[in-house]
Amino acid sequence: MAEIKLAAQVRTEFGKGAARRTRRANLVPAVIYGHGAESVHINLPAHELQLALRTANVLIGLEIDGKDALVIPKAVQRNALKGNIEHVDLLTVKRGEKVNVEIAVHVEGELAPGGNLLEYVQNTLLVEAEATHIPESVTVSIAGLDAGDSILAKDIPLPAGSVLAGDEDAVVLQIVAAQAEEPTADAEAAATEA
């Protein structure tokens with residue numbers, strides 16, 4: 001995964017009014033924490049941050065007052081109506097350090113013939129990976145699976161350098177049979193009249 005570089009400014013004003021002024025200036029308030037260090041409050045350019053966060057678990061290289069910091073997004077708060085970013089929590093990481101992150105689960109292949117449906121029990125999988133080599137997603141084959149089959153977390157092949165960090169016996173995907181809806185009394189009466 002490529003590292004995205006952003007320039008950050010140290011934030012000196014705090015509170016609701018200061019946050020509103022920051023957002024009007026096309027900046028996003030953020031906080032950096034981790035490794036037992038004191039939290040650092042910063043402002044990030046809104047548009048560049050929005051583009052960077054399109055990639056899940058993106059590795060961001062920040063330049064803050066001439067110092068470099070390597071971070072990953074931990075929590076992103078968005079405006080419920082507009083969808084723009086209001087605040088970001090960033091976690092400091094070091095090269096070679098292992099971190100726990102959730103990665104997306106994608107499927108490929110066709111289910112066995114019949115009225116089978118695929119149910120996602122979990123959309124993501126918790127894995128431990130090196131901070132500079134976080135996989136974007138995992139792909140699982142569902143080819144030929146039939147009703148009653150399921151795929152557990154331990155059955156999913158992980159990219160090199162990643163290990164499962166969550167419950168290995170957790171069901172991630174399951175195949176269920178489609179259920180036909182029983183006709184209602186009104187539908188039966190209409191069918192007999194016709």
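Along the sequence shown, the residues carry numbers beginning at 1.
Between Ile42 and Leu44, some side-chain heavy-atom pair lies under the 4.5 Å cut-off. Residues His47 and Asn26 are not in side-chain contact: their nearest non-hydrogen atoms beyond the backbone lie 4.5 Å or more apart.
Counting heavy-atom neighbours within 6.0 Å of Glu130 CD, excluding the residue itself, gives a total above 12.
Within the structure, the side chain to side chain donor-acceptor pair (under 3.5 Å) test picks out the following pairs touching residues 61-85 (sequence neighbours left out): Asn79-Glu86. The stretch residues 93-109 participates, sequence neighbours left out, in these side chain to side chain donor-acceptor pair (under 3.5 Å) pairs: Glu3-Arg95, His35-Glu97, Glu102-Thr124.
Asp89 pairs by the side chain to side chain donor-acceptor pair (under 3.5 Å) definition with His87, not counting sequence neighbours. With sequence neighbours excluded, the residues that form a ring pair (Phe, Tyr, Trp, His ring centres under 6.0 Å) with His41 are Phe14. Glu128 is linked by a side chain to side chain donor-acceptor pair (under 3.5 Å) to nothing, counting only residues two or more places apart in sequence or in another chain. Take Leu117 and apply the side-chain contact (heavy atoms from CB on, under 4.5 Å) test, not counting sequence neighbours, and it matches Val176, Ala178.
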Show me the donor-acceptor pairs within less than 3.5 Å that the side chains of residues 160-175 make with the rest of the protein, sequence neighbours left out.
{"residue": "Asp167", "atom": "OD1", "partner": "Asp169", "partner atom": "N", "Å": "3.1"}
{"residue": "Asp169", "atom": "OD1", "partner": "Lys154", "partner atom": "NZ", "Å": "3.0"}
{"residue": "Gln174", "atom": "NE2", "partner": "Glu119", "partner atom": "OE1", "Å": "2.9"}

Ignoring hydrogens and angles, write down the donor-acceptor pairs under 3.5 Å from the side chains of residues 142-152, residues two or more places apart or on other chains.
{"residue": "Asp146", "atom": "OD1", "partner": "Asn116", "partner atom": "ND2", "Å": "2.9"}
{"residue": "Asp149", "atom": "OD2", "partner": "Asp146", "partner atom": "N", "Å": "2.8"}

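Residue Ile103 comes nearest to Pro135 through the heavy atom pair CG2-O, 3.1 Å, listed as atom of the first residue, atom of the second, then distance. Here the closest non-hydrogen pair linking Val138 and Pro159 is CG1-CD, 3.7 Å. Smallest separation of non-hydrogen atoms from Ala8 and Ile64: CB-CG1, 3.8 Å.
Arg11 places a side-chain N or O within donor-acceptor distance of the main-chain N or O of Ala30, the cut-off being under 3.5 Å.
How far CD1 of Ile85 is from CG of Leu49: 4.0 Å, rounded to the nearest 0.5 Å.
Here the options are Leu90, Val40, Thr92, the test is side chain to side chain contact (heavy atoms under 4.5 Å, CB included), and the partner is Leu62; only Leu90 passes.
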